[in-house]
2 protein chains.
Amino acid sequence: MARLPEYLRALHNLAETGHETVSSEGLANAAGVNSAKLRKDLSQLGSYGTRGVGYDVGLLIDQIEYVLGLTQRRAVALVGVGNLGHALAGYDGFASRGFRIAALLDADQERVGEEINGLVVQHIDELPRVAAEESIAIGVIATPAAAAQRVADQLVAVGVTSILNFAPCVLSVPEGVDVRKVDLAIELQILSFHEHRKASLTALPAAGGSALTALPGGLAVTESQEAIGT
Amino acid sequence: MARLPEYLRALHNLAETGHETVSSEGLANAAGVNSAKLRKDLSQLGSYGTRGVGYDVGLLIDQIEYVLGLTQRRAVALVGVGNLGHALAGYDGFASRGFRIAALLDADQERVGEEINGLVVQHIDELPRVAAEESIAIGVIATPAAAAQRVADQLVAVGVTSILNFAPCVLSVPEGVDVRKVDLAIELQILSFHEHRKASLTALPAAGGSALTALPGGLAVTESQEAIGT
DNA sequence: AGGCGCTTGTGAAGACGTGCACAAATCGCG
DNA sequence: CGCGATTTGTGCACGTCTTCACAAGCGCCT
């Protein structure tokens, strides 16, 4: 499940604040989900809760980390050291949560040789050598959209089977390769949609009209995390 | 729907390459979704396709931009000008897709006054004034997790009703405020899970064992975008 | 003008995720 | 040792999303 990492983060918080055990209700609140959903998710991992008590925080952390494959520190190659790539290279959230940026790569010779956070940017042509040396299985694409597909092909060619794509485009990859996409502008556009919806609803509570002037209020909205209470 | 921005991006690509019309199949490929799903999504906006021909690219762009509320250029306040905030401030994908970063804010006096991409970083205490001047409805939080909730409260207090949160924590906001969360490390962890699953399956195609050593292959996996063909 | 091929729009069926509500199980205390 | 409070694990029902399949509609060509 895609919620496991969120649980893991909440569990680490709890562990740091000295909690030995946690109830499904407590963990669900910390992770921002329903308690029944959380219990159902955790039951998929096998039973690790004690009825009447709750879950052992440490044990649950180990278990989730095992399932997520975080027992080994995975090496990641980051391609594209532009604006966003720079930030990603310096983002300590990766290192603190089980990942090691093993290589920074870029196609621009201007950027090759630059040192970021203790790592030197190498040319993308070095990818085959680097991938072999570091046994890289995960690649991050932070290039412009025009270069993303080419980079993806190169990553796949050297054995990368998981790609995190920040470029605003759809990647074609062979079967067996996983792609996750993060598009920062899309996130904002989704918020903009909600803004527009809210504005329409308050301005014209009961509006009809032609299709062209129809308000978007009728669209189904699956909000991500609304009104978590206080 | 959350897929509309993706369609919009694909449509802009098509428009730039000179396409006047596009079939649902073509647009679905460009956006990486099923054609039936795309047609159903577009039918929610009202009928804008011509049977036997397809959709008018320009018309569809206008329609989607209207529904997403992109007819006005929305002002965004970015709080937290650290590593990630820096990159976001310089990310031109925002400007090119209907958003204007109207203010950069940070609580660190060291960073106040710094100029990024033509904008000067202001202190977070300036938020009420800035929000009033720029009529800001969307806030982006790129602070450490410890500061995120406090910033969210401040944003809500000045009338922000949509928040994009990059901090790895759950935010509590009043009803009516939308929060979207992007956690870069979580994306990697999800990929790691897939890596682990793939490794387990290839190494031990039919494994049993106790719960502790059980393989995660049994977990339901809803892949985001796997095997889009060539 | 008529037919043919192509594409949209949609009804229906199925898969999936979600949440409730309750039985089973465990601990602590008298 | 037994009882009650508490919490997990899960069967069931519901709503949503997805996909297939096909009728309806449109343009083009003859």
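Note on naming: letters A, B, ... go to the chains in the order of the sequence lines (proteins, then strands), and numbering restarts at 1 for each one.
- Regarding B:Glu25, its CD atom lies at a distance of 19 Å from the P atom of C:dG5, rounded to whole Å.
- Neither OP1 nor OP2 of C:dT7 sits under 4.0 Å from any side-chain N or O of B:Tyr48.
- What separates CG of B:Asp56 from C1' of D:dC26 is a distance of 15 Å, to the nearest Å.
- Scanning both residues, B:Gln63 and B:Leu45, for their nearest heavy atoms gives NE2-O, 3.5 Å.
- Distance B:Leu45 CG to C:dT8 P: 14 Å, rounded to the nearest Å.
- Here D:dT8 is the nucleotide among D:dG27, C:dC20, D:dT8 with the atom lying nearest to any side-chain atom of A:Ser23.
- The shortest heavy-atom contact between B:Tyr7 and B:Ala31 is CD2-CB, 3.7 Å.
- The two atoms that bring B:Ala148 and B:Cys169 nearest to each other are CB-SG, 3.6 Å, heavy atoms only.
- Atom CG of B:Leu42 and atom P of C:dT7 are 16 Å apart (whole Å).
- Mapping A:Arg39 and B:Gly52 onto DNA chain C by nearest heavy atom places B:Gly52 closer to the 5' end of the strand.
- Residue B:Lys37 places at least one side-chain N or O closer than 4.0 Å to OP1 or OP2 of D:dT19.
- Side-chain proximity of B:Thr50 to the nucleotides C:dG19, D:dG27, C:dT26 is greatest for D:dG27.
- OP1 or OP2 of C:dT18 sits under 4.0 Å from a side-chain N or O of A:Arg3.
- OP1 and OP2 of D:dG9 both lie 4.0 Å or more from every side-chain N or O belonging to A:Ser43.
- A salt bridge does not link B:Glu6 to B:Arg3: none of the charged side-chain nitrogens sits closer than 4.0 Å to a carboxylate oxygen.
- Remark: A:Arg100 CZ is packed, more than 12 non-hydrogen atoms of other residues, nucleotides or ligands lying under 6.0 Å away.
- At whole-Å resolution of the value, OH in A:Tyr7 and P in D:dT8 are 13 Å apart.
- Between B:Tyr55 and D:dC26 there is no side-chain N or O to OP1 or OP2 distance below 4.0 Å.
- Distance B:Lys40 NZ to D:dC22 P: 15 Å, rounded to the nearest Å.
- Between A:Leu59 atom CG and D:dT8 atom C1' there is a gap of 15 Å when expressed in whole angstrom units.
- One interatomic measurement links the two molecules: CG of A:Leu38 to C1' of C:dG17, which rounds to 15 Å at whole-angstrom precision.
- Of the candidates C:dT10, C:dG19, D:dT8, C:dG19 carries the atom nearest the A:Asn34 side chain, counting heavy atoms from C-beta on.
- The shortest distance between the side-chain N/O atoms of B:Arg51 and the OP1/OP2 oxygens of D:dC22 is not below 4.0 Å.
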